[in-house]
Amino acid sequence: MSEATDTMAVEPASGAGDVPPFRYTAAMANEIEARWQDFWADNGTFHSPNPSGPLADPGHPRYGAEKLYVLDMFPYPSGAGLHVGHPLGYIGTDSYARYQRMVGRNVLHTMGFDAFGLPAEQYAVQTGQHPRATTEANIERYRSQLRRLGLAHDDRRSVATIDVGFYRWTQWIFLQVFNSWYDTDANRARPIADLIAAYADGSRPTPDGRRWADLSEIERRTIIDDHRLAYVAEAPVNWCPGLGTALADAEVTADGRSERGNFPVFKRHLRQWMMRITAYADRLLADLDRLDWPEKVRTMQRNWIGRSVGAHVDFAFDGGTIRVFTTRPDTLFGATYLVLAPEHAAVDALVAAAWPAGTVAAWTGGHATPVEAVASYRRFAAGKSDVERQSDAKEKTGVFIGAYATNPVTGAGIPVFIADYVLAGYGTGAIMGVPGQDERDWEFAEVFELPIIRTVRPPADFAGRAYTGDGPAINSAFLDGLGIADAKAKISEWLTAEGHGTDAITYRLRDWLFSRQRYWGEPFPIVYDDTGLPIALPESMLPVELPEIDDFSPRTFAPDDAASNPETPLSRATDWVQVTLDLGDGPKRYTRETNTMPNWAGSCWYELRYLDPDDDKAFVDPDSERYWMGPRRPGDVGGVDLYVGGVEHAVLHLLYARFWHKVLFDLGHVSSEEPYRQLYNQGYIQAYAYTDARGVYVPADEVVESAQGGYRYRDQPVTREYGKMGKSLRNVVTPEDMCSAYGADTFRVYEMSMGPLDVSRPWDTRAVVGSQRFLQRLWRLVVDENTGQTRVVDSPADDESRRLLHRVIDGVRTDMDGIRMNTAIAKLIELTNRATVVSTVGTPREIAEPLVLMTAPFAPHLAEELWHRLGHDETITYASFPVADPALLVDATVTYPVQVNGKVRGRVEVAADAAEETVRAAALAEVADHLGDREPRKVIVVAGRM
RNA sequence: GCCCGGGUGGUGGAAUGGCAGACACGGCCGCCUUAAAAGCGGCUGCUGAGAGGCGUGCGGGUUCGAUUCCCGCCCCGGGCACCA
């Protein structure tokens with residue numbers, strides 16, 4: 001993969017001068033850190049016990065305790081290596097998890113790798129190096145980089161999606177999905193065997209009404225396959241020649257390019273594996289309300305699912321009906337034309353042989369016949385790229401197809417058009433044009449000179465065109481006078497009664513395109529017989545291992561040839577593809593599926609595998625799943641207690657994982673309804689980059705701020721920009737740089753103190769020294785820098801320090817519970833500074849010990865070292881977090897600020913339990929000068945505050 | 001255009017109806033040092049000689065009191081976008 005990242009030089013934290021021999025320097029920190037990392041690894045300090053099975057440990061200090069499952073979004077181990085931004089979330093979850101262990105919880109926290117995917121494969125195409133070799137090397141490098149940070153992970157539970165022992169179960173879950181169907185009556189997935197039984201015993205009629213027994217085997221299999229939650233379909237897909245694969249809708253950006261690699265994407269019809277995520281649209285939407293997730297992410301998922309409530313309305317024409325979807329059935333009296341998507345299947349049947357008498361010239365597009373006009377317009381629409389389609393959004397185009405349909409409520413004949421502003425993939429691919437109440441329809445009506453009938457009375461001052469607000473219905477016969485909601489209800493009743501339509505709900509969400517024409521992914525556990533229909537392999541034949549091949553390159557195909565499909569890399573492994581298997585009816589020849597799964601597959605369920613990583617009998621042990629992820633109380637969705645990662649996965653990973661989890665829940669394989677109960681999006685660490693006069697990036701660490709303002713590099717002015725950290729921007733700082741220059745603990749403390757975890761902020765290497773000073777002072781409170789002896793004394797602390805200590809304990813607990821590491825650290829610094837000031841002969845143990853304990857989540861190596869120097873033999877990991885004494889949280893006296901007209905004019909100190917009268921008198925005396933001879937109109941005393 | 005966030009010193013940020021700027025960086029001054037670094041201590045929102053005045057994007061409002069709540073704008077970041 002790529003070369004080791006260029007890194008910026010970092011000045012040593014301390015000079016080479018004569019520092020005291022036992023000062024907490026970077027060298028000292030590195031020695032301490034390496035020693036404790038070895039100790040933790042040797043002792044399995046961070047192993048967390050399961051309730052049963054091989055990872056159960058009744059002797060563990062947290063065995064059977066209240067559980068907490070903390071999860072990071074696992075990384076793709078790229079060749080570029082880590083910069084200081086990557087571990088931010090990991091350090092956050094580690095600090096949180098370490099704190100939760102100290103308050104008594106059994107915490108599960110580990111780390112894995114999402115290791116299938118395109119970058120390793122692209123690299124393989126270029127170099128011929130096997131993706132497994134590069135990926136595994138990258139994983140090893142990530143592991144060692146992360147180890148230096150002292151993350152308290154249970155490494156027994158670490159998994160990578162490329163491990164055969166892992167993807168075997170990804171394939172197993174695929175089989176569960178394949179072998180189930182969605183029962184809309186029960187509103188859940190059920191085993192496909194139930195569906196077959198229902199057809200067989202006649203309780204469920206076949207699509208064409210024939211008896212099940214009378215159907216051929218192929219007919220039966222086709223009917224069943226059409227119900228599966230994983231199915232093969234010929235569908236318009238996002239074909240990306242640059243990547244040589246089809247992509248899911250969510251992997252395509254708004255401007256029609258691939259999210260990975262930014263290659264153009266085209267719509268093509270291909271036979272592909274799909275997942276019926278649309279069956280879960282309602283539940284995926286409804287259960288968002290039961291999740292403790294950022295509103296932003298829930299909104300994004302809501303928009304992606306795109307539920308619209310409305311009605312289907314049928315418009316009759318000679319020989320059939322056209323069904324449209326509308327959210328405004330109340331405006332039906334204003335529907336003066338219909339528009340179909342150019343690709344709509346009914347167009348060919350509808351299109352007239354000749355223009356009807358009286359056809360407006362503008363409707364024909366200048367063509368002699370409707371057939372010609374349709375063909376021409378379809379070519380025009382299909383030739384537009386997504387980008388063009390968007391930029392042309394305001395100019396309505398279309399063509400009349402020479403046919404009329406009947407508005408069911410007015411009986412009027414209305415013309416039928418095709419136009420590309422109607423999308424084939426949404427609703428029914430057809431709309432009724434209501435220009436009076438829809439801006440797009442108004443624009444279209446203006447271009448084609450179509451009648452405009454208002455059916456909602458706009459306010460008197462309304463100056464616009466289409467009116468989309470509420471108001472009384474007009475020109476609508478029996479709806480007249482009703483508001484939108486009432487009119488909807490009434491027209492819906494009428495449509496149903498007259499047989500012209502029904503209430504309907506439509507989603508923007510499409511089924512999930514699940515196959516990729518690439519090598520580096522999970523093979524499908526699917527073979528085909530000579531019918532061409534898919535057959536699931538039995539569980540006993542798992543795993544289906546990736547075959548070894550030499551040529552990883554995707555081959556493009558003839559895009560104009562509708563029958564051609566892309567050649568997949570696996571199809572070249574002919575010995576693997578053509579296989580003889582005994583699937584219960586004797587050995588036969590089969591052809592394997594040669595697509596692979598998208599890299600989202602592994603991340604759809606990895607949190608479950610952490611619970612029981614080595615199980616070769618089940619994907620997860622039910623007892624462990626119930627303990628770590630089960631509902632806490634009736635009605636709770638269950639799931640991981642805290643899931644931390646970037647917001648970029650708001651719809652992709654997080655929606656797919658919810659979908660799989662719900663299938664597993666329906667089939668009884670998990671007790672939790674949702675995978676991630678609480679989601680937290682950490683911010684990004686960003687960085688400044690600098691360009692010179694030529695626009696070339698200069699090393700950011702050599703840029704100085706000039707006295708006149710502005711920035712200079714080697715005396716030349718440079719321009720500062722703010723954004724990502726990246727090799728090409730010459731502003732990368734790595735965790736290794738920080739560990740070498742300051743130690744991992746300083747780096748951790750700095751990242752946690754920069755600001756709230758969910759906010760993005762700029763990296764500032766200069767500021768790291770503040771965190772080091774804090775840890776040096778803490779060290780100095782316990783250890784004499786000149787002798788190395790401990791300088792903690794057993795004499796009591798002064799009263800003020802003690803009160804501060806207990807306020808800090810109380811505040812740090814509140815902050816940590818709320819994931820506010822930055823303010824927790826500020827309080828610890830405050831206490832450390834106070835202790836430093838009063839410490840002359842030594843530091844009172846009653847201050848030093850709680851301070852070390854409270855610092856342990858952030859600077860675990862230093863805390864562990866000091867804890868042992870304070871005379872403790874056991875690891876600090878499971879030591880009890882300090883508890884504040886409530887009696888010390890209230891002071892004997894209170895200083896009241898005194899305000900006059902909202903301005904602070906003085907302050908008075910009174911006893912905390914002083915009566916209001918006393919406070920009032922003291923306050924008035926204090927501000928007597930300000931009042932002069934004026935009488936206060938009103939005096940307000942807020943007990944304890946003001 | 002619509003939907004989410006957000007706007008506080010030179011910088012990162014703190015305070016969620018009650019002393020604006022905790023904590024940290026940077027800066028200035030001092031101690032220590034032959035010197036420098038490190039360390040330690042002090043000062044550091046703006047303005048003013050001072051008393052004081054002003055100050056949380058802008059303009060209103062509620063309140064004894066608003067960074068915080070309400071209304072209307074402006075700007076920045078993110079998401080969605082011909083979805084009927």
Side-chain angles (χ1 to χ4, degrees), chain A residues 12-20 23 25 254 294-300 302-304 306-308 310 324-328 331 339 341 389-390 392-396 419-423 425-434 437-441 443-444 506-509 647-648 650-651 681 705 709 722 749-750 753-756 758-771 773-774 776-777 780 785 811 820 822-833 836-837 895-907 936-942 944-946:
Chain A
S14 51
D18 37 274
V19 293
R23 173 160 293 177
T25 59
E295 189 52 43
K296 179 191 172 92
V297 175
R298 294 195 294 170
T299 302
M300 284 168 72
R302 278 187 203 110
N303 291 341
W304 187 259
R307 184 177 197 259
S308 289
V324 306
F325 174 74
T326 178
T327 55
R328 293 292 304 277
T331 64
V339 187
R389 216 175 144 131
Q390 263 179 23
D392 296 348
K394 285 294 150 213
E395 300 149 34
K396 293 288 177 288
D420 66 356
Y421 86 93
V422 173
L423 309 174
Y426 185 76
T428 62
I431 62 149
M432 60 184 201
V434 189
Q437 272 70 230
D438 185 284
E439 283 170 22
R440 298 152 302 181
D441 293 347
E443 287 161 12
F444 190 81
T506 288
Y507 300 90
R508 206 191 79 112
L509 181 69
V647 74
E648 72 272 17
V651 281
N681 292 125
E705 204 166 346
Y722 178 61
V749 168
Y750 176 64
S753 64
M754 286 171 82
D758 57 354
V759 173
S760 295
R761 65 226 112 173
W763 179 260
D764 182 9
T765 297
R766 283 187 316 179
V768 178
V769 70
S771 297
R773 287 180 190 147
F774 160 50
Q776 281 178 337
R777 282 177 208 175
R780 205 153 40 223
E785 287 190 328
R820 289 184 297 270
N822 55 324
T823 49
I825 289 172
K827 292 177 175 79
L828 295 175
I829 293 174
E830 211 180 331
L831 180 60
T832 302
N833 290 348
T836 300
V837 171
T895 304
Y896 280 83
V898 183
Q899 291 183 346
V900 179
N901 291 333
K903 302 274 184 209
V904 177
R905 296 298 183 186
R907 50 204 63 191
R937 273 181 304 199
K938 203 166 165 189
V939 179
I940 296 162
V941 176
V942 184
R945 314 212 60 150
M946 208 66 209

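These values consider heavy atoms only, across backbone and side chains, with no hydrogens, waters or symmetry-generated copies. Just so we're on the same page: letters track the sequence lines, and every chain starts at 1.
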ask   = For the side chain of Val422(A), counting heavy atoms from C-beta on, which of rG13(B), rA84(B), rG78(B) is nearest?
value = rA84(B)
ask   = Can you tell me how far P of rG78(B) sits from CZ of Arg298(A), to the nearest Å?
value = 23 Å
query = Less than 4.0 Å between a side-chain N and a carboxylate O, is that true for Arg298(A) and Glu295(A)?
reply = yes
message = Going by side-chain contact (heavy atoms from CB on, under 4.5 Å), Tyr750(A) matches just one of Val769(A), Asp764(A), Ile825(A). Which one?
response = Asp764(A)
task = Determine which nucleotide pairs with rC19(B), using a 3.5 Å limit on both distances of a Watson-Crick or G-U wobble pair.
result = none
inquiry  = With a 3.5 Å limit on both atom pairs, tell me what rU67(B) is paired to, counting Watson-Crick and G-U wobble, or say none.
reply    = none
ask   = rC74(B) and rA84(B): how far apart are their P atoms, nearest whole angstrom?
value = 27 Å
ask   = Using a cut-off of less than 4.0 Å, is there contact between a side-chain N or O of Ser308(A) and OP1 or OP2 of rA84(B)?
value = yes
query = So what does Pro756(A) touch, heavy atoms closer than 4.0 Å: a base, only the sugar-phosphate, or nothing?
reply = sugar-phosphate
request  = Please report, rounded to the nearest Å, how far the C1' atom of rG39(B) is from the CZ atom of Arg23(A).
outcome  = 5 Å
inquiry  = Between rG55(B) and rG10(B), how many Å separate the two P atoms, rounded to a whole number?
reply    = 16 Å
ask   = If the P atom of rC71(B) is compared with that of rC23(B), how far apart are they to the nearest Å?
value = 35 Å
task = Heavy atoms only: give me the nearest Met432(A)-Arg328(A) pair and the separation to one decimal.
result = CE-O, 3.6 Å
inquiry  = When the P atoms of rC82(B) and rA22(B) are compared, how many Å lie between them, rounded to an integer?
reply    = 49 Å
remark   = Paired to rG41(B) by Watson-Crick or G-U wobble criteria (both distances under 3.5 Å) is rC29(B)
inquiry  = On a heavy-atom basis, which atom in Val324(A) and which in Thr428(A) lie closest, and how many Å separate them?
reply    = CA-OG1, 3.4 Å
message = Between rU67(B) and rU62(B), how many Å separate the two P atoms, rounded to a whole number?
response = 16 Å
message = Please classify rG9(B) as syn or anti, treating any glycosidic angle within 90° of 0 as syn.
response = syn
request  = Can you tell me the pairing partner of rU56(B) across any strand shown, Watson-Crick or G-U wobble, with both distances under 3.5 angstrom?
outcome  = none
request  = Can you check each nucleotide of nucleotides 22-30 of chain B against protein heavy atoms at under 4.0 Å and return B for base, S for sugar-phosphate only, - for none, in 5' to 3' order?
outcome  = BSSSS----
query = How many Å lie between OH on Tyr426(A) and C1' on rC80(B), as a whole number?
reply = 14 Å
remark   = Rounded to whole Å, the CZ-P distance (Arg780(A) to rG39(B)) equals 8 Å
note = Whole-Å distance, Gln776(A) CD to rA37(B) C1', equals 13 Å
query = Does rG50(B) pair with anything, Watson-Crick or G-U wobble, both distances under 3.5 Å, and if so, with which nucleotide?
reply = none
ask   = Between rG39(B), rC82(B), rG13(B), which one does the side chain of Val759(A) approach most closely?
value = rG13(B)
message = Nearest whole Å is fine: how far is rC80(B) P from Glu648(A) CD?
response = 13 Å
request  = With P as the reference atom in both, quote the distance from rU8(B) to rG12(B) in angstrom, rounded to an integer.
outcome  = 8 Å
task = Decide yes or no, distance alone: a donor-acceptor N/O pair under 3.5 angstrom between the base of rC82(B) and the side-chain of Lys396(A).
result = yes
request  = For the side chain of Arg508(A), starting at C-beta, report the closest nucleotide among rG12(B), rA84(B), rA81(B).
outcome  = rA81(B)
ask   = In whole Å, what separates the P atom of rA81(B) from that of rG13(B)?
value = 30 Å
ask   = Taking the side chain of Thr327(A) as its heavy atoms from C-beta onward, which of rC82(B), rG13(B), rA84(B) lies nearest to it?
value = rA84(B)
request  = Any strand is fair game: report the nucleotide pairing with rG5(B) by Watson-Crick or G-U wobble, both distances under 3.5 Å, or none.
outcome  = rC76(B)
inquiry  = On a heavy-atom basis, which atom in Arg508(A) and which in Asn303(A) lie closest, and how many Å separate them?
reply    = NE-O, 3.5 Å
inquiry  = Between C1' on rC82(B) and CZ on Phe325(A), what's the gap in Å once rounded to a whole number?
reply    = 16 Å
message = Students often mix this up, so state it plainly: with edges at 30° and 60°, are the rings of Phe325(A) and Tyr426(A) parallel, tilted or perpendicular?
response = perpendicular
query = Rounded to the nearest 0.5 Å, how far apart are OH of Tyr421(A) and CD1 of Ile431(A)?
reply = 3.5 Å
note = Ranking Val297(A) and Val651(A) by the position along RNA chain B of their nearest nucleotide, the one closer to 5' is Val297(A)
task = Kindly give the heavy-atom pair with the smallest separation between Pro756(A) and Asn822(A), and that separation in Å.
result = N-ND2, 3.5 Å
key: Arg761(A) side chain to Gly755(A) backbone, donor-acceptor under 3.5 Å   = yes
message = Taking the minimum atom-to-atom distance to the side chain of Asp438(A), which one of rG39(B), rA84(B), rG79(B) wins?
response = rA84(B)
ask   = Checking Asp441(A) side chain against Val434(A) main chain: does a donor-acceptor pair fall under 3.5 Å?
value = yes
ask   = Distance between the P atoms of rG77(B) and rC31(B), in whole angstroms?
value = 49 Å
ask   = Whole-Å distance between rG78(B) C1' and Met300(A) CE?
value = 8 Å
